[in-house]
Every structure is written in C-alpha cells, then in structure tokens.
Amino acid sequence: MAILSVKSLTKNFGGLCANSNINMEIEKDELIGLIGPNGAGKTTLFNMLTGVYEPSEGQIVINFDGKEKDIAGKKPYVITKMGIARTFQNIRLFKDLTVLDNVKIAMHKDVQYNLLQAIFRTPKFFKEEERMEKEANELLKILKLDTKIGELASNLPYGEQRRLEIARALATNPKLLFLDEPAAGMNPQETAELTELIRFIKEKFEISVVLIEHDMSLVMNLCERIYVLDYGKLIASGNPEEIAQNPRVIEAYLGEEI
Amino acid sequence: MSQFIQQLINGLSIGSVFALIALGYTMVYGIIKLINFAHGDIYMVGAFVGYFCITRLASGFFGLILALVIAMAACAILGVIIEKVAYKPLRNASRITALITAMGVSYFLQYTMVYFVGPSKRVMPAPFENTVFKIGGITFNLSTVIIIAVTIFLMLLLQYVVKRTKMGKAMRAVSADPDAARLMGINVNQTISFTFAIGSALAGAAGVLIGIHYNSIEPLMGTIPGLKAFIAAVFGGIGIIPGAMFGGISIGVIQTFAAGYISSLWQDAVVYALLIFILVVKPSGLLGKNVKEKV
Amino acid sequence: MAMLEIKKLELNYGVIKALKGIDMEVNQGEIVTLIGANGAGKSSTLKAISGIEKISGGEILFNGEELSKMNAQDIVKVGVSQVPEGRRIFAGMSVLENLEMGAYLRKDAEEIKESLELVYKHFPILKDRSKQNAATLSGGEQQMLAMGRALMSKPKLLLLDEPSMGLAPILVKSIFSIISDIKEQGTTVLLVEQNARMALSIADRAYVMETGKIVLSGNGKELMDSEEIQKAYLGG
Amino acid sequence: MKHLFTKKNLMWLLFGALICIAMYFVFGVVTQKWQKTLITAAYYIIGALGLNLIIGVSGQFSLGHAGFIAIGAYSVGVVFQGDATLANFALGIAIGVVITCAVALIIAVPTFRLRGDYLAIATLGFSEIIRIAIQNMKITGGASGLSYLSFENINDHGMFLMMLITIVLSILLIVNFVKSSHGRATISVREDEIASEAMGVNTTKYKTIAFLIGASLAAIAGAYVGPMNFFIKPGDFGFQKSIDVLVIVVLGGMGSLSGTVIAGIFIAVINTLLQNYSDIRMILYAIILVTTMIFRPKGLFGNKEITDIFSKKRKEAE
Amino acid sequence: DDGGSDSDTIRVGVNYGTTGPYATYGTSSVEGTKLAVKEINKNGGINGKKIELVEMDNKSDTNEAVNIATKLTTEEDVVLTLGPEVSGNTKAAISVANKNKIPLISPSATDDKVTVNKDGSVTEYGYKMCFNDSYQGKALAQYAIAQGKTKAVIYGDSSSDYSKGLTKAFEEEFKKQNGTIVASENYVEGDTDFNAALTNIKGKDFDVLFIPGYYNEAGLIIKQARTQGINQMILGADGFDSPTLIELGGTENLKDVFFTTHFSIAEENKDIDNFIAAYKDEFGKEPDAFAALGYDLGYYMADSIERAGDDITPETVNKALSDTKAKFSGITGSFSMGKDHVPVKTIKIVELQAGEPVNVVNFDVK
Ligand SMILES: Nc1ncnc2c1ncn2[C@@H]1O[C@H](COP(=O)(O)OP(=O)(O)OP(=O)(O)O)[C@@H](O)[C@H]1O
Ligand SMILES: Nc1ncnc2c1ncn2[C@@H]1O[C@H](COP(=O)(O)OP(=O)(O)OP(=O)(O)O)[C@@H](O)[C@H]1O
Ligand SMILES: [Mg+2]
Ligand SMILES: [Mg+2]
C-alpha cells in the first residue's frame, strides 16, 4: 500500500513546463532517490508535494492511516500537519534564533496547550515545555548538534546548518521526509557521514525518505529506488543498478557509467 | 457628460501631480528599498528654491527654465548629502530603522525651512501666463498640460535610464545584491549617490512645477503630497517606474470621482478602501508581478 | 614573482578569528586549488582577496599591487574576479542582464558578444532562458549563471568558490573541463572546491586549509596520492 | 504550581515591580510638569508595547496603530459623555477592545497576504478610514471632538497608577505569549515565513493573533487619551501618531519590551526638555532622532531585554 | 529661573502651535502678541513693570498643549496664559487653567463650548477674544438673506471644528429665514486641489457659495472656483481675513467676495495703519486676522493686568478679566467681556471687488 501516490502531476510556469504528467508511488519505510539534470524539475516537484506551489494539474494522494486524501494545492502547514516534512535546497533556517528554538518551532504543531493556558502559565504549559525541551534535546543529540544548542543558527558552519534543517524537519514528527540536496557543499568525508545518518534516521523514526541529490556516491549507496526526471518528465525509475546502466540516464545526467 | 469629462480632467490633473512626485519616490525605493519619507520635503525645498529663483533672479520662460535647473541641481546635491549623512551609515540596518531616520530627516527639512522662512503660505508667482483653456463647458490650465507632459517625459526617460543604460543596470544590480555588484566592478556608493541625485532632482522639478500650478508654497507642503505619492507608488507597484505614473494618475482620478460622485466628505476613505481592495486582489500593486519567492 | 602573493593574512569576524596568518602564492597561468573542511576559511580567503571583507592583518599582492588597500570595485578593475559562494546572482534581472553585468567594466562590444557566445556554448540552457528572471532559475542553473557571469569579465585571475556545488554529475565534469579551458586561454585560476578529487586532478598546485591555517601544500597529483588527504577529504 | 514562577518569570515580575514602584515613587515627588510627562510616557509605552508585538515579534509592518488608539479613545470618550467614573472607564475599554478586535480582524483577513510595504500601506489606509469615519460621525462629535473627559474621582496619581498596572499586565501578557510555543511560532513567521509554514505553523493565524493583541493594547492606550488630555479630536489620531508610536518601538529596539519602556520615557522626557526651545524644538528633535538611529541602528536595546543582561552576567559569573 | 519673583517683570505664558498643522495661525498670533508686548514695554510697561512672554510651542498637538499648559501654570510663575489658537487645544488647556487657577485667554478659539463647563456653567478661568462660531454663522446667514440670496452651497473643511461650527450656525439660521441649502461639499485642511467638488458645485443652481474656512485653502478655492466659471457671490468668515487670501486667489478672481471680521486692513483707522506698518517692519510681511487678534490680545492682557491693581496675581488678573463693565478698544474693535467670557463686539462685513476691499459695514446680528 503506497503512502504517497502522485498521479499525472503537472506544473507550468507561464510557457515553461517544469513538471509534466508525473506519476510515482512511495511505499512505507522506503528510501527513494530523485535525480535528474539541473532544471529538470526536482525541486518543483518537492514544492508541489509540500504545498509551496499549487499543481497545474494532477493529484497527490497520501495514505498514512488507511484513509486516502488528496493534498494537491493544500497549504504547506496543513500538509506538514498531516505528516510530510522537508528541507530546503537553499537553506532556510530561522537564522537569528538558537538551534534549540529552531527545533522547538517545528514541534509547535503538536503542542498541547492553548493560547490562554500559555498566557496564564498553567501547569500544563510547564509540563509541555519540559517535554518539548527533552525531545528537542534528544533529537539534536541524534544529529550531533547537542553541543550547539544555544548557538544562533546563522553562526553554524554549512554542514551543521544542513543537519539542523534535517533535525527541524524531523521535529515535525513526519511520516514522510523530503530532503533537497542534503549533501550539497559537503566534502566526501562529510557526505559519507551524512549517508549513515540518513540511513539511521530512517530506521529509527520509521519513516519514508525521498531525497534529491547530485552526489552519486550518496544516492547509489543509500537509495532503494530511484526516479529520474529530465525536462520535467519522468524518464526512468528502478533500483540503483538499473538506473546506473540506463542509457537515457547516462546520456542526460550521469555522463558515464558508474 | 461634460461634467464627467471635467472630473476626469480634474483627476488627471491631481493625479499627474502625485505621479510626478511618485516617480522619484519609486526610483529611490526601487534601488535601495528605502521608504524615503523625506522625499516630499525635498520636493518642498525644490519649490522654495524655485520661488527664490523666480522672485529674485529672472521671470518669464527663461525664469522657469532657470528655476527648474537650479532647483533640480540644489535638490540633487541635497539628496546626495542626506544620503551620505543619514542613510549610508544605516545601509545594513533594518529597513524600519532607515524609515525612522527618513522621518527624522523629514522633520529636519520641514522645520529648518520654517525657522528660516516662517510657516506661512507664500504665493508662487507664475513665470508664464497660466492660460485657462475652455472647450465647451470644460476648463483646464496650461500648467496641468505642462505637468502631464513633463511627467510622461520623465517617466520614459527614467525607464530608459534604468532599463537600458549601463548605469541603470548597475543600479538594479546594486539593488539585488550590493556585494555581488561590487564583484562586478560596480562602485556601489557612487551608484546609490547617483540614484539619490536623480530622485531628488525629480522632486526638485516637481516642487517648482507644482508650486506654480497651485501658485502657493509652504514649508509643510510636502507632507500630504509626499504621503499620497508614496501610496501612489505602492498602488502602481513600488519600484516600478511606469507604476508610479499609473498609480499617481489612478489615485488622482479615484479621489476626484469619489469626491464628484460619492461624497467629498468620504473621498479619502474611498481612495483608501479602493486601494486596499486592489492590493488584496493584486498584492504587488497594479503593475507589479506577483512573483512567488523560489524556494 | 608570483601573480598573487598572500602573506600572513588574517581576518576576523568580530571575535571569531577566521584566518590566522595565511601564506600562499598563485603564479601566472596556474590552476591552484584550496581545499579543506567546512568552516576552514576557504571562502573567507577569497573574500579577503576580492575585497568583500576587510582584512585584519597581512598583505595581499596582485602583480605587486597591494589589494587590501583597494575597494572591491577597483580590485575587479585590476583583473581579479570571483564566482562567490552561494551564487549571488542578481534577482529581478534577466539571465542575459546578469551576464552583461559580468562584463560591466569591459568596453568592446564585439568582444563582449564573443564572450557571450562562449558562455552560451558552455551552458546552452542559459541561452534558452536568457529572458527568464534569474531568481526563478533552478539551483544548478543559477550556479551556471554565476560561472558564466564570471567568464564574461575576462579576468586575469579568476577566483572560484565551489563552482560545482549543486550541479549534475555530467555538468560537474564539464565545469572542470571549462576551468581547464580557461587556463589554456591564459586566465589564472584559484579554485575552492569540496569535490577535492576533481579539483586536485586539474590543479597544478594545491593548498589544504584547516581552521584558518594552511596545513599542507604541494602539487596536485602528489596531494591526491597522500594518505592523509585520502582519508580526510576524499572519503577513504 | 512549583513552576509558576520560573527564574525568568520571576525576574520579569521583579523588574516590572521595581520599575513600577520606582516610577510611582518618582511620580509622587516630581512637579506637575513631570507628572504629565510620565503620564504621556506611560500612554505611549502601552501603545508601543502593542506595536512592538506586531512589528518586532510577528514582523508585520503596520502603519495603522493610530486607528486603534482612536477607537479606544473614542469608546471611552463617548461613554464619558455620561459620567466619567471608573466603572464607565472599564466599560469604555471593553467596548473599545471589542470594536478594535472586530476591526482588526476585518483588516487582518484580507491584508495579511500582503508583504512589507504593501501591508504598511494597507494598514495605514485602514487607520485613515477609521479616522475619517470618526470625523464624520455624530456620536463622536465630528471634527469638534469630545470634551470634558477628565475622571470625576480619580486624580493624576490614581490614573498614573492605573497606567502602571496596565503596563505591567501588558508586559506580562506579551512575555508569556512570546515565551510559549505560540510565541515561538509567531517569531518564526518573522524570521522566514516560508520555512515557518513548512514547519506546520499556520502563519496567518499567528500574524492575526499578534495583530489582535497588539491592536487591543493600542485601544487600551487610547482609552487613557481622553482622561489625559481632557479632550479628543480626530486630528490627534492621524498618520503622525502612528509614526510617533513607531519611533518608540524602533528606538527601543524591535522585539525588546524593556527597550520600548525605556524609549517611551526617553522620548517623553526629551519632548518636555525641548519645550523650552520653542522655535527649534522640532529641529533638535529631528537631529536627536537621526543621530540615535545612526549610532544605535538596532535601537537602544537591540532585541535584548534588561533581564538578558542580568542573566548573562550571572552566566558569566557561574 | 526666578523671573517670576523678580518684581520688575510680569510673566505671561504663551501656548501656541508654532509647528505642526496650525503653525501658520499659531505663528501669526504669537507675532501679533509679541509686537504688542514690545510696544508696551517700550512705553514703560505696566506701572513700570515689564511684561515677559514665556513662549512654548505645542506642536498643534492636544497632549502637548496640556503638558505645556501644566508647565506654564505650575513652574513658570505666570499670571496668565495666552493661547492656544484653536478650539480643541484651548478646551484641553482650559481644564489645566481651571485646575491650577491661572487665567487663560485664547485669541481665536471660536467654538461655542470653549468657555463652557460640562454642567453648562461658565469656565472660571477661561476667556476668549473672538466671536463664537454661532454668532458669525448667524450673521452670515442673515447677511446673505438680506442680499436676496436664498440658495446656498456650503463648501467647508470637514476636519476643522471652526468650519463645522460655522456651518451648523449658518445652516440653522439660513433655513429659519427660508433659505435652502442646495448642496454641501467638503475639503480637508491642507488640500490644494478643489476642482472635483467645485465641478459638482458648478452644476448646481445656487446664488451664494459659503466657504467656512481659513484663507490658506479659501484663497485657492476662490481662484479655482472662478477659473471654473463659478461667478456667484462668495461668503466667508473671519478666517478669510488675510492678505494671503488675495494673493492666493488672485486679484481678478476676488470679486463678489464678502466676509465677516473684527478688523480689516481696508478700514480707515490710524491705529490699524500703525499696526500694519509696525508689523510689516518687524516681521517683513502683512498681518492677517490672527496677527491682529494676537496684537489686541497683547494690549487687552496688559489692560487687564493694569486693572488688577498693585497686587498682580492670577486671582486679581482673573477678576479684572471677568469684569464685564470694562471697555476695551483695539484694532479689532472695541468690546467688553461678556458674562459667558466671550467678548461682546460688533461684526464687520468686508466686501472685496477686484481684490480690493471696497466696503466695510458694521452688521447687527438679530
Ligand atoms: N517560479 C518559477 N518561474 C519560472 N520558472 C521556474 C520557476 N521555478 C522554477 N522554474 C524553472 O523550472 C525548472 C525546474 O526548476 P527546479 O528548481 O525544479 O529544478 P531542479 O530539478 O531542482 O534543478 P537543480 O538540480 O538545479 O536544483 C527550471 O528550469 C527553472 O528555471
Ligand atoms: N559573516 C560571518 N560572521 C561570523 N563568522 C563567520 C562569517 N563568515 C564566516 N564565518 C566563520 O568563519 C569561519 C570560516 O568560514 P568560511 O566561510 O571561510 O569557511 P569555508 O572554508 O568557506 O567553509 P565552507 O566549506 O562551509 O564554505 C567559519 O567558522 C565561519 O563560521
Ligand atoms: Mg533543485
Ligand atoms: Mg565556503
């Protein structure tokens, strides 16, 4: 049973067709790669799946709990509340806030006290705050950011900012996680570490992950299945071996066999 | 019908006044994203410089040209000085900080002028015969025609400068990313000074022409037209040069029709209500493109 | 004499000491690469050279001229240009206008046109998109644009900060071959890269940075074979 | 319950209480002129606290604060055409807040799609509409305004005490809001709206909440205008008033409540001192404004609070 | 500052808006008063004591007017305060004057309620030197009817209480005399373009246009009205009385314009001529009605202080002010203070033709 089915999804920008008639399915606990040349429409697809863009056509159906829901065109926060989280290709942290606050904000959707309880500081407020603090700390520990809890996000080096983005996305307690070029700007060593981290996260939180990445060492190592986009169209899908040998993929994207 | 046409002309006439001031507003905004509340007051200074030229130096057509040239030059210099002294130190500060500073500069110009010339209205002598045309039952002034013509001319000129010339492109590059602009070899300070010089010179020209049009000037004359021009610039899509023209004319016409056909008591309220309505429908102003940020 | 000489360069961001006395040289006609972990100070070095950040100590000499006393725009005039980290393309301007800004200081219209054709040859997608608002380009397209913009300036020394970031594998290869081409045409290149393997393979010489200091230097092939480098930067 | 007063909270309460006691004490010993100055400061502080929540915390650029102040002022003003008693004052505030919330909602729903300066213009427009409406209504006395608004049984001392209590309660309200998950969500809207939404924050909702609270505080500040000036007229609530309040917010530091309090007092004192320089007072004021902004572009306090300074000191000591 | 305890000077507070929207009017008033005080002091002061003005600018803001009134009445040792110039701010300041028991005179707060308490009684310490709005409005209506004009259009300032007060009185009286108000239009203070409303007015059938407002706008309105071809009779109140009206309107347009006033530059009166000459000499411009009222206020205040006797205190001055028998004669006419603290004086009506005042008549309000 697929938890996410994309049905003939299309996005036009004026005359430009960034995504055309995309169909894909994501199963529970899968780790999927999305690759393709620059400008193929990968980020655009993520943007539609997370509600940032409204699709021109098509459906996005989720099924996390046995009930099917079309989320096409829903607002991002609604989609996040349903269990989909993401990171951004161009890092979008809350720069002037601390690492801890960045994570806590992402936990807001599940907070158990209301505005009045916050203003009057009822016991519930403190209980919840304590819980959030604890959970945020645990999460940051997993992402090896526990020593940076009080830092401002903008003061972190690039690699740590990418990890914080992942931590923040996880804090929304998703069932499906989209990562947009998580290894960009990392050196091979750091990329290798990240590969392990993503694998670990997937296991630990029992979520499905879809990632866009141009670093083939990561994609081929990590992904169980790969979708390939070119000029907005899905040109191939399959396991890493199949993709690595697919002549169309080689021609459009890889340049040579790997 | 003739009343309708008369109101339309009335609206165009006020609107072109707003448009003329809005041009400089939008120009400065387009490049450094500053709501320059002092713009209306530079316009006032321009009017006073023009006044002194016309009353002390020369009258007639030559007087007008002289007044325009001197007022534009004086305002350009004033604008550059203001930028250097008050805004440059705040380039990296938040935009609201810069706005408050602009407000401070605005008070400074207003009350320094009051200090020297007093707060009263002065009559701006017309350097030319402000002929009144009467066609059918419809009347309009020569000065209206001049203002509309000058506004259109300046709009086209500005649009050309910003879109086509090298300096214009440098201005837009500085606006998008000053550090990257420096990496292209663009002198950022010079470019911003140039922007202020042009914007302020426009205000100076507006001051002279509008002063003549309404034949009166005073130190606080910049406040209301300044605010209306800012609104006009936003209405048309702030930062967009034809938008300023369009926004100014629209506000003028709406205001006039509101007064003419709804109620003069509520004319400003109608303007604001319509403004809000249009912004809700077109959140980046009439000519603005609603580009969603790419993520 | 080296084209670019850096002596005891120091740079602070407030209390943070990003560069703690860097010495390096780039000779005419070379590709020199600078590698190192995140936060080592690579970008800071480039920013110091092109005058975007004020240095706190040391000297930067370009053909004998002291760059650190010059404004950023004057540094471009003497022939140093940079592809900055994070692309920094001009939002709100079209792709073509962005490329034109690269040639801001050049006068000869004919030559500019030639450069433009060259850029379009390297990155055909930019030609297709020449009227598109640069802000709406995809990440990789923006990277190409940034590279193209720098090529438009025909500098004597080109500083590249992670030009391959976010590019498809097929393009990564062409980026590096473009860099080699540029060198052939007489432009000197200082290259900062995370893709150390590729960078070292085309570089004449390389420097390795760690927390604000140069810790190793040598010829490209040598370093590639060094075990230390293999472990720390090439992932095994 | 043991947590009701966390260290931070306690610090705030202590700080608030201290300032209040100090101010009240000061009020008792200074001359009438300075009493008026303090009352003016208190009025601006209440209004600016609300605006700070809107601008500094939620990041929405509003230029329409004067409109809400006017609603508060006129609600009390109209009620006071009967008896100017404390009960009527409370009634006036209640009416003012209800009307304000209704109007703020009407404003918020359509305009919060707008960004930056477009929002500023829209709020400015609404505020002007409110003022024009007041100017043209019968019950508000039109352009002639409303007179006889001083309290019947409360003197300046009493009124100042009420204002101080209002300030403390407002600060407590804002602090408790900001330092909660809801507050963090609001701040995230200011930091990056797209990211905030991607984290599951209903950005419109939190912008609206901040706007409603901020506008209500403006109305409460407005309620004191009548008793303070004995008289109100529509002209007192123009665009200029919005700017006056904004100056305090920016001068104090956007997002800093202590900054707002200090800047409110600072501006009021400056104003009083400048009264002696009749012909150049506005020139001096302009120069002070520009130089302060140049030398402290983030405002007097940046986004720090007085309590941060205390806790930092302690942290260093530890 | 021990100026107050210095027995050689008498301190008088001045609380006007010399910046902000009323700056023009405030400044004129203050200048008039300053001129008067200068003359008085030059002529030996009051029983040898010099008058010292303690000037403060209230920025045309209500709150500031209150704060300055407080400062003047509690810290500056003044025996009375002058201003503000407009009704609203005066009402606010009078509350302070009553509280601190220091008399206040406003030269130009025309609203009927300025000197009235909430319970309808007369304010103990508040006075004015000008007409009530109702008095002038009524006079103008009667005058229009007397000229055979029965169809009026009113074009007033919706942001000004002065304009509203005049309009209300005019309307009531005009209707009572069987006139009809054909249309009402409005502008707001600071406007410079009035063509929209004037175009509407032009389409109406009427015989008199009443502009209750100040010369700054009225001058431009008259010019634009005449340009559009509105040639009917134009009526105004004392807010018209300024040379600026004529300059702004242009001589060719100022025909068939009538306005009520206390004073007119047109009058053949030596005192007025002297005042105009002295004012021009001092400030380099022609005085307006505000300046004239301010000037008279200076002399009236001095007169009252003199009448207060040897012991000059706020109380004795207040007593002198409220003396309804004392007659005062100044350039804005002679009057005595009424029981309601409003002066009892006659209204003059000035007629302008070709930009010149051609006729000034005393008008008796019925
Ligand atoms: N808002 C927009 N307006 C116009 N064109 C757009 C917009 N957003 C994206 N595009 C275009 O759509 C295409 C797909 O962009 P997208 O960002 O999805 O690419 P991508 O596959 O993520 O590429 P990369 O790997 O370089 O990040 C690009 O050619 C881009 O220029
Ligand atoms: N504007 C700044 N303010 C404060 N610290 C900074 C700033 N820019 C860089 N730093 C710090 O200076 C150090 C060097 O940064 P730099 O950007 O030069 O590293 P880099 O080697 O280019 O790293 P990366 O591979 O992540 O791009 C880092 O610790 C970084 O956090
Ligand atoms: Mg992408
Ligand atoms: Mg870097």
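What you see is a predicted model, and the numbers here were worked out from it, not measured in a lab. Throughout, a chain's letter reflects where its sequence line sits, starting with A, and its residues are numbered from 1.
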What's the verdict on salt bridge (charged side-chain N to carboxylate O under 4.0 Å, His left out) for A:Glu129 and D:Lys179, showing C-alpha distance, side-chain angles and the deciding distance?
CA-CA 10 Å; A:Glu129 283 289 300; D:Lys179 301 210 180 293; over 6 Å; no
Flag yes if more than 12 heavy atoms outside A:Arg131 fall under 6.0 Å of its CZ atom; otherwise flag no.
yes
Enclosure of A:Lys95 NZ (heavy-atom neighbours >12, cutoff 6.0 Å):
no
Return the [atom1] to [atom2] distance between [X] and [Y], rounded to the nearest 0.5 Å.
X        : Y        : atom1 : atom2 : value
A:Phe88  : D:Ile194 : CZ    : CD1   : 7.0 Å
D:Ile174 : A:Ile119 : CD1   : CD1   : 10.0 Å
A:Leu93  : D:Ser188 : CG    : OG    : 12.5 Å
D:Leu173 : A:Phe120 : CG    : CZ    : 8.0 Å
A:His108 : D:Ser196 : NE2   : OG    : 9.0 Å
D:Tyr206 : A:Leu115 : OH    : CG    : 7.5 Å

[X] side chain vs [Y] backbone, donor-acceptor pair below 3.5 Å:
X        : Y        : result
A:Arg121 : D:Asn176 : yes
D:Glu191 : A:Asp96  : yes
A:Tyr113 : D:Ser180 : no

What residues of residues 75-85 of chain A make heavy-atom contacts with chain D at a cutoff under 4.5 angstrom?
A:Lys75, A:Pro76, A:Tyr77, A:Thr80, A:Lys81
Which portion of A:Thr50 sits near chain D, non-hydrogen atoms under 4.5 angstrom:
neither
Please report the C-alpha distance between D:His182 and A:Phe125 in whole Å, then the side-chain angles of each, then the deciding distance to 0.1 Å, and finally whether the ring pair (Phe, Tyr, Trp, His ring centres under 6.0 Å) criterion is met.
CA-CA 11 Å; D:His182 303 280; A:Phe125 167 84; 9.1 Å; no
NZ/NE/NH1/NH2 to OD/OE distance under 4.0 Å, A:Arg92 and D:Glu193
no
Counting only non-hydrogen atoms closer than 4.5 Å, does D:Ile209 touch chain A with its backbone (N, CA, C, O), its side chain (CB onward), both, or neither?
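It is the side chain, since no backbone atom gets that close.
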Among A:Leu97, A:Val52, A:Asp110, residue most engaged with chain D (heavy-atom pairs, under 4.5 Å):
A:Leu97
Specify which of A:Lys109, A:Arg168, A:Met132, A:Arg86 makes the most heavy-atom pairs with chain D at under 4.5 Å.
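Heavy-atom pairs under 4.5 Å are most numerous for A:Arg168.
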